[in-house]
Amino acid sequence: QVQLVESGGGLVQPGGSLRLSCAASGRIFGIYPMAWYRQAPGKQRELVASITTSGNTNYSDSVKGRFTISRDNAKNTVYLQMNSLKPEDTAVYCCNVKQLLFKTIDYWGQGTQVTVSS
């Protein structure tokens, strides 16, 4: 199995910045697409940003220009740099790894809380 552990969440004022990290460990057996999702209470889980094995990225319209996703394949880690944070960014942020071997398996971290408030 694969384990994902997120870190870097916390409380920040509007306009501030945070950097989230997600480290993968266990039976990885390769390099796979990774992504960040978020979910606020009472709302559907939302794809925030994704990154391919070669570093190609995509962002949701709500965070485009403010967030940057990156990865370090040697460390099996994905990052999310969040700038110009808004109260509506408040959510639990989870990382995802889509492992493609004999079958496709989605792995999820436990999530890290991001709260944007004055």
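Computed over heavy atoms, backbone and side chain alike; hydrogens, waters and symmetry mates excluded. Residue numbers count from 1 along this sequence.
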Please identify each residue that fulfils side chain to side chain donor-acceptor pair (under 3.5 Å) with [X], with sequence neighbours left out.
X: T57; answer: none
X: K64; answer: D61
X: S70; answer: none
X: Q110; answer: E6

Indicate every side-chain donor-acceptor pair of residues 11-25 with a distance under 3.5 Å to a residue at least two apart or in another chain.
from : atom 1 : to  : atom 2 : distance (Å)
S17  : OG     : N83 : OD1    : 2.9

Suppose clustering is done on Ile, Leu, Val, Met, Phe, Trp and Tyr with side-chain heavy atoms closer than 4.5 Å. Which residues sit in the same group as W108? Y37, L47
Nearest 0.5 angstrom please: I69 CD1 to N58 CG, how far? 9.5 Å
Start with the C-alpha distance between R71 and M34, add both sets of side-chain angles, then the distance that settles side chain to side chain contact (heavy atoms under 4.5 Å, CB included), and finish with yes or no. CA-CA 9 Å; R71 66 188 297 159; M34 303 182 75; 3.7 Å; yes
Restricting to non-hydrogen atoms, name the atom on [X] and the atom on [Y] that form the minimum distance, rounded to 0.1 Å.
X: Y32; Y: F29; result: OH-O, 3.1 Å
X: S60; Y: E46; result: OG-OE2, 3.9 Å
X: I31; Y: N73; result: CG2-OD1, 3.6 Å

For residues 41-89, which residue pairs pass the disulfide bond (SG atoms under 2.5 Å apart) check, not counting sequence neighbours? none
What residue pairs, at least two apart or across chains, pass disulfide bond (SG atoms under 2.5 Å apart) with a residue in residues 48-78? none
Using the rule that Ile, Leu, Val, Met, Phe, Trp and Tyr join whenever any side-chain heavy atoms are under 4.5 Å apart, tell me whether Y79 and M82 fall into a single cluster. no
Within one Ile-Leu-Val-Met-Phe-Trp-Tyr cluster: I105 and L4, side-chain cutoff 4.5 Å: yes
Mind checking what makes ring-ring contact (aromatic ring centres under 6.0 Å, His included) contact with Y59, not counting sequence neighbours? none
Is a donor from one side chain sitting under 3.5 angstrom from an acceptor on the other, for S117 and T115? no
Test item: T90 and Q113 side chains (from C-beta on) under 4.5 Å apart, heavy atoms: yes
Would you mind reporting whether V116 and V114 have side-chain heavy atoms less than 4.5 Å apart? yes
Taking atom CD of Q1 as the centre, does the number of heavy atoms from other residues, nucleotides or ligands within less than 6.0 Å exceed 12? no
With a cut-off of 3.5 Å and sequence neighbours excluded, list every side-chain donor-acceptor pair involving residues 91-100.
from : atom 1 : to   : atom 2 : distance (Å)
Y93  : OH     : R38  : NH1    : 2.9
Y93  : OH     : D89  : O      : 2.7
N96  : ND2    : D106 : OD1    : 3.2
N96  : ND2    : Y107 : O      : 3.4
K98  : NZ     : D106 : OD1    : 2.9
K98  : NZ     : D106 : OD2    : 3.1
Q99  : NE2    : R27  : O      : 3.0
Q99  : NE2    : I28  : O      : 2.9

Please list, chain by chain and in numerical order, all residues satisfying side chain to side chain contact (heavy atoms under 4.5 Å, CB included) with S84, sequence neighbours excluded. R66
Do T112 side-chain atoms and G9 backbone N/O form a donor-acceptor pair below 3.5 Å? yes
Test side chain to side chain contact (heavy atoms under 4.5 Å, CB included) on V78 and I51; report intermediate values, then the result. CA-CA 9 Å; V78 63; I51 186 167; 4.2 Å; yes
Applying salt bridge (charged side-chain N to carboxylate O under 4.0 Å, His left out), name anything that partners K75, two or more places apart in sequence or on another chain. none
